[in-house]
Amino acid sequence: MAATVAPPAAPPPTSATIRSLTAAGNHGAALRALSSLSASSAQLDHFALPPAIKSAAALRDGRAARALHAAALRRALIHRPTPAVGNALLTAYARCGDLDAALTLFAATPPELRDAVSYNSLISALCLFRQWERALDALRGMLAEARHDVSSFTLVSVLLACSHLAGDDGRRLGREAHAFALKHGFLDEGRERFPFNALLSMYARLGLVDDAQSLFRTTAAAFSPGGGDVVTWNTMISLLVQGGRCAEAVEVLYDMVALGVRPDGVTFASALPACSRLEMLALGREIHAVVLKDGDLAANSFVASALVDMYAGNERVGNARRVFDMVPEPGRQLGMWNAMICGYAQAGMDAEALQLFARMEAEAGCAPSETTMSGVLPACARSEGLAGKEAMHGYVVKRGMAGNRFVQNALMDMYARLGEMDVARRIFAMIDPRDIVSWNTLITGCVVQGHVAEAFQLVTEMQLPSSSSSTEDERCMPNNITLMTLLPGCAAQAAPARGKEIHGYAVRHALESDIAVGSALVDMYAKCGCLAASRAVFDRLPRRNVITWNVLIMAYGMHGLGGDAVALFDQMAAGGEATPNEVTFIAALAACSHSGLVDRGLELFRGMERDHGVKPTPDLHACVVDVLGRAGRLDEAYNIITSMEPGEHQVSAWSSLLGGCRLHRNVELGEIAAGRLFELEPDEASHYVLLCNIYSAAGMWEKSVAVRARMRRQGVAKEPGCSWIEVDGAIHRFMAGESAHPASAEVHAHMDALWERMRREGYAPDTSCVLHDVGEAEKAGMLRYHSEKLAIAFGLLRAPAGAAIRVAKNLRVCNDCHEAAKFMSKMVGREIVLRDVRRFHHFRDGSCSCGDYW
DNA sequence: CTAGGGTTAG
């Protein structure tokens, strides 16, 4: 018979057992040990209770906390022999979500039985519930008793509370706390680093990046045995990134690594957004490699989300998707979905964004958050019909997200893009408090919708103190985004004075080296006709991206300097600062086209896919057609179109061909191109106008009249021509046949005088572009009041003596205006710069920069 | 009794 040996009975637990289990983080075991102990009860003393209560708190086990409270009460151990049990209970209740129980416990403790830890526990409990003001009141109570020392624990909680106070209070109290910490030696060498880190993050949360940085510079050395604490470094990196100072954040990361501090997941999650914003793909990839080597980091969903964001921000949506797919479904948390959806939306892959949005809840049971919504809404705004958009608005309201500022900003953007500015303004009016994004979104909407004056008005308003009852300080300073969105407004209006003001603001606020602002400045100066200024900004930029290069190439092309544009292209392709993309080739080919560099253009096009991996798109095909067509090689241009894929969008290619046919008076091909265009875009006036011009130039008046009749019959209206000129910072608009401008009568009279003088000096008007079927004399009369001529006349009257007359026009300049401007430039001895939809014409002394090749 | 992280607008 086999003897069964009973296992040796476990020794009964003691308070020391519980203490060590709690200290080891083994909270479940600590509570189990306690329950076997309660039976014997003799050991349930004031040594065993505090660690047990801490374990209950760590497990968020409210029932255990209450049971321990009851046991302590029975034994009268709450405040005696020390306040330790009561203090631990206070924290446990707070951790378990019962602030009232914690506060009641504190209030029930006679003041003489409280110690400093009691107050510290109370203050941190209030902070846990985000009761910042009450936390500071508790501090005042503690100080009033005057027998408790403020410790590092107290300081850390107080700093946390200060960092969340609205307005100036947080800043004032935070700086006081900083002074207190200094005075009492908390920042001395060798002291624990918690108060130092807490000060840094307080400045971070208050947005006082410079204060944080100077504290870091002066004091970090005192806390950096072995290179310092990773938390300190992480705080610095994230506060710099959030303050938009990404380049400095990257420097801090390099410093940290150089000092031998090992970055962790938080470091990478904080630094990766900088790689995204600075387009530092190489650094992002390096981080990715380190993450892959360390399995623990890859499992950190914050790191994975940041990687997705980094790849998406570097135009590597495919890589982003691969990171997304690599994280298995259950680990794919909300942030991952958000990062991927926003990545798709930012890449303009709206269908993918919407599809993923549909999948996240249906398949993964992950409820969209406000962030998800602010990510998909832009994608939604660009696709589907209006009904889908309003459905999305309804969805947001139903889910109770309509009060979220990010969502409101995205909704406002959606309606602004739709042209529903009134709805956008109504949403804007409801946002409280407004942030810089709210302002930027409405400003951008105004610029895009052409309400540039309103946009500038908003820029003034945003900087004024808030007039509403809101407690938050709503004042916002224009940032790089604000400038970046205003500049295209100046460019569109050819308003260099306003553009220069913005440039000045950028210089004063250290924003001129921002790539986005810099690129927009290069573009603005170029489109305002100041090519030298444009180039100067480009040359001064510390870094440039593909957009900066594209803008400059476009600038030279627009100014008729095709050779320089192509040289810049070569420089870009050889330099490695940016890789040419589709837009680069569009810019380079357009430049070739406008300067007649046909063979160079064809060469570029042939090498495009082979040497640069850029696939020919419909727009690129249209560019080559334009290169060939403008040079009169119309048959080759036609062959390009017929070689395009059948399903490909051919509208722009056909209209380029039609333009070439007008230039070279080719009726036969022109009729073919126009025929295709009338099928593809029956409502587009410019196609009819071009065919009319072709017939008129060939003297085929009946056919010309027939096209005009067809236009009228189908209700196709030509966009009215409109020109404008900036004088003394104000923009003056002129339209043919309109007298809305206050000086209209004077301008018309001046034009009459100029016209008469021109005719006397031998000017012969070119009437081939007049579409109306009237006599020659009447045609000449209509030409005389074309909007660009009126604007030039106004400029001659009001612009400072000797200054170039800079006029912009919304359509292409007609033949006669081109000739007239040329003639006038000599006659009145003034430089005239005329900008149309595509390019610049510089008239000086009777000739044009384009050499009449346009 | 204490500190640090991602996903938004252009």
Side-chain angles (χ1 to χ4, degrees), chain A residues 54 57 84 87-88 90-91 94-95 115-125 127-128 151-160 163 192-202 204-205 229-239 241-242 264-273 276 300-310 312 333-343 345-346 369-378 404-410 412-413 416 435-445 447-448 479-486 488 516-517 520:
Chain A
K54 275 177 213 171
N87 292 343
L90 199 169
T91 302
R95 290 276 160 94
D115 63 3
V117 177
S118 313
Y119 278 98
N120 293 343
S121 306
L122 174 69
I123 295 169
S124 68
C127 286
L128 194 64
S151 69
S152 61
F153 290 98
T154 329
L155 253 179
V156 167
S157 301
V158 165
L159 288 167
L160 182 70
S163 72
E192 41 173 4
R193 54 182 196 266
F194 286 121
F196 172 60
N197 286 341
L199 263 172
L200 278 183
S201 38
M202 174 200 70
R205 271 190 291 262
D229 174 24
V230 68
V231 173
T232 311
W233 291 100
N234 290 348
T235 309
M236 280 313 295
I237 292 171
S238 87
L239 79 88
V241 171
Q242 274 159 21
D264 63 6
V266 177
T267 321
F268 293 141
S270 312
L272 280 167
S276 168
N300 180 335
S301 83
F302 286 119
V303 176
S305 307
L307 277 171
V308 169
D309 177 56
M310 184 277 294
Q333 282 154 17
L334 181 63
M336 281 290 278
W337 288 97
N338 287 349
M340 197 62 238
I341 290 172
C342 297
Q346 274 166 13
S369 68
E370 279 99 345
T371 306
T372 327
M373 298 317 297
S374 54
V376 269
L377 278 168
N404 175 277
R405 201 192 321 149
F406 289 156
V407 173
Q408 288 170 316
N409 288 343
M412 182 170 54
D413 185 52
D435 64 4
I436 180 77
V437 180
S438 318
W439 289 98
N440 285 348
T441 304
L442 190 61
I443 289 168
T444 307
V447 171
V448 169
N479 65 2
N480 52 344
I481 307 295
T482 324
L483 305 194
M484 191 187 92
T485 60
L486 284 169
V517 173

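All values derive from a computational prediction rather than experimental measurement. Here is the naming used below: chain letters follow the sequence lines, and residue numbers restart at 1 for every chain.
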Please give, in whole Å, the distance from [N] [atom2] to [X] [atom1]?
X	N	atom1	atom2	value
Leu199(A)	dG4(B)	CG	C1'	14 Å
Met373(A)	dT7(B)	CE	C1'	14 Å
Asn234(A)	dG6(B)	CG	P	11 Å
Asn197(A)	dG4(B)	CG	P	9 Å
Asn120(A)	dA3(B)	CG	P	12 Å
Ile341(A)	dT7(B)	CD1	P	15 Å
Tyr119(A)	dC1(B)	OH	C1'	15 Å
Asp264(A)	dG6(B)	CG	P	13 Å

[X] side chain N/O closer than 4.0 Å to the phosphate oxygens (OP1, OP2) of [N]?
X	N	answer
Gln408(A)	dA9(B)	no
Gln242(A)	dG6(B)	yes
Arg205(A)	dG4(B)	yes
Arg95(A)	dT2(B)	yes

Sugar-phosphate, base or nothing in reach of [X], heavy atoms under 4.0 Å:
X	answer
Pro195(A)	nothing
Gln346(A)	sugar-phosphate
Asp413(A)	sugar-phosphate

Exercise. Can you list the residues that meet the salt bridge (Lys or Arg N to Asp or Glu O under 4.0 Å) rule with Arg95(A), with sequence neighbours excluded?
Worked result: none
Seminar exercise, completed: Residues passing the salt bridge (Lys or Arg N to Asp or Glu O under 4.0 Å) test with Arg193(A), sequence neighbours excluded, are Asp229(A)
Counting side-chain heavy atoms from CB outward, which of [options] is closest to [X]?
X	options	answer
Thr441(A)	dT2(B), dA9(B), dG6(B)	dA9(B)
Ala269(A)	dG5(B), dT7(B), dG4(B)	dG5(B)
Phe194(A)	dA9(B), dG4(B), dA3(B)	dA3(B)
Ser157(A)	dT2(B), dC1(B), dA9(B)	dT2(B)
Ser305(A)	dG6(B), dG4(B), dT7(B)	dG6(B)
Val156(A)	dT7(B), dA3(B), dG4(B)	dA3(B)
Val266(A)	dG4(B), dT2(B), dA9(B)	dG4(B)
Pro273(A)	dT7(B), dA3(B), dA9(B)	dT7(B)

For this session: Could you tell me the separation between the CG atom of Leu159(A) and the OG atom of Ser201(A), rounded to the nearest 0.5 Å?
Result: 8.0 Å
Problem set entry | pair Cys342(A)-Asp309(A): side-chain heavy atoms closer than 4.5 Å | no
For this session: Report yes if a donor N or O on one partner sits less than 3.5 Å from an acceptor N or O on the other, where the partners are the side chain of Thr235(A) and the base of dG4(B); otherwise report no.
Result: no
For this session: For Phe153(A) and dC1(B), say yes or no: do the ring centres fall under 5.5 Å of each other while the ring planes differ by less than 30°?
Result: yes
Problem set entry | Asn234(A)-Asp264(A) side chain donor-acceptor pair, cut-off 3.5 Å | yes
For this session: Verify, without hydrogens or angle tests, whether Ser276(A) (side chain) and Leu272(A) (backbone) share a donor-acceptor contact under 3.5 angstrom.
Result: no
